[in-house]
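Note that the structure is predicted; figures quoted are calculated from it, not measured. Residues: numbered from 1 along the sequence shown.
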Amino acid sequence: MADRTIQGGDGIRTFPFPVELSVGGVGMQVGPMGTGRTWHADAPLERVHRIDFHVVMLFAEGPVRHMVDFTEHEAMAGDLLWIRPGQVHRFSRTSEYRGTVLTMQPGFLPRATVEATGLYRYDLPPLLRPDPAELTGLRAALEHLRREYEDTATLPLSLHTAVLRHSLTAFLLRLAHLAASSAESVRQQSDSTFTLFRDAVEQDFATNHSVSAYADALGYSRRTLVRAVRAATGETPKAFIDKRVVLEAKRLLAHTDLPIGRVGAAVGFPDAANFSKFFHQHTDLTPAAFRAELR
């Protein structure tokens, strides 16, 4: 089988969904966590990497420490960790991962379900802590999904896949409700203007840093966009854009050996001096000093 691993222009390896390891070749997997799991034969999971699919881990034991985009999350038994496509993350060498893991390709579910379940809510925290009643419902839904996934003999493949999609949707709706339970998340989810802006920034932040350009592209006045972003996040649209640019710059500085000038160009600063000024303004460190602190 050909190696489909992507070595991105930023130097961070992106591993594709391992279809060949999925029962029946469907666009999802669910099963026990444990030693020996990998996305790819050449993927040491304790190194930073990206994946182009979703991962949801429900932990049976803890603590487990897992890094997602510069934040070390400590999960306990009954907690869930939801990692979305493109996020830089790293498994812990010292933690034992026990529980159930669900992986899924973005295209496995229809678009309406993707929207309803918030699969691309990058603003939501990866670590989720359900209360006992929520955990009972999530465990039951995930166990039902696992049984359907493993039962390949009862139904033809087309019906088996359809049942999996419905069962997966049921689980994700519970998970999405949990993820959106905080006051901030509810505010953000309810504001379609902010949602459109957030998605546009995620797509274009590397080339577009202009609030007015985003407002024009989305068909809003600048004032409307400012009001929506302030209500959802408490910050200005410019601050939101800059925060996303800084995050990507930190990813590249920390996890690649790209020259600083190329890091700047990758996040929309063709001039290295302008990039260094911007980065220092937002972090109180030069790009070189930030990289040196992590090496």
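- A donor atom on one side chain and an acceptor atom on the other are not found under 3.5 Å apart for Arg65 and Ser95.
- Val263 and Ala249 get closest at one heavy-atom pair: CG1-O, 4.0 Å.
- In terms of heavy-atom proximity, Thr117 sits nearest to Ala176 at O-CB, 3.3 Å.
- Between Glu143 and Arg147 there is a salt bridge, with a side-chain nitrogen of the basic residue lying less than 4.0 Å from a carboxylate oxygen of the acidic one.
- A parallel orientation is assigned to the rings of Phe91 and His49, their planes being inclined by less than 30° (bins at 30° and 60°).
- Counting heavy atoms from C-beta on, the side chains of His209 and Val245 come closer than 4.5 Å.
- For the pairing with Phe240, the ring pair (Phe, Tyr, Trp, His ring centres under 6.0 Å) check across Phe205, Phe197, Tyr214 returns one residue only, Phe197.
- Thr286 is not listed as a side-chain neighbour of Ser276, based on a closest heavy-atom distance of 4.5 Å or more.
- Taking all atoms of both residues into account, the shortest heavy-atom contact from Ala75 to Leu127 is CB-CD1, 3.8 Å.
- Residue Lys243 places its NZ atom among 12 or fewer non-hydrogen atoms of other residues, nucleotides or ligands, all under 6.0 Å distant.
- Contact of the Thr236 side chain with the Val229 side chain is not registered, since no non-hydrogen atoms from C-beta on lie closer than 4.5 Å.
- Side-chain contact, Ser158 with Thr161: no donor N or O sits under 3.5 Å from an acceptor N or O.
- Ring geometry, His89 versus His66: the interplanar angle falls under 30°, so the pair is classed parallel (tilted spans 30 to 60°).
- One side chain, Thr154 or Asp151, offers a donor N or O that lies under 3.5 Å from an acceptor on the other.
- Evaluated for a side chain to side chain contact (heavy atoms under 4.5 Å, CB included) with Met28, the options Leu109, Thr103, Leu164 yield exactly one hit, Leu164.
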* To do: I would like to know whether Ser210 and Ser212 meet side chain to side chain donor-acceptor pair (under 3.5 Å); could you show each step before the answer?
  => CA-CA 5 Å; Ser210 167; Ser212 296; 4.7 Å; no
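- With Tyr120 as the aromatic partner, Arg84 does not meet the cation-pi criteria of under 6.0 angstrom to the ring centre and within 45 degrees of the ring axis.
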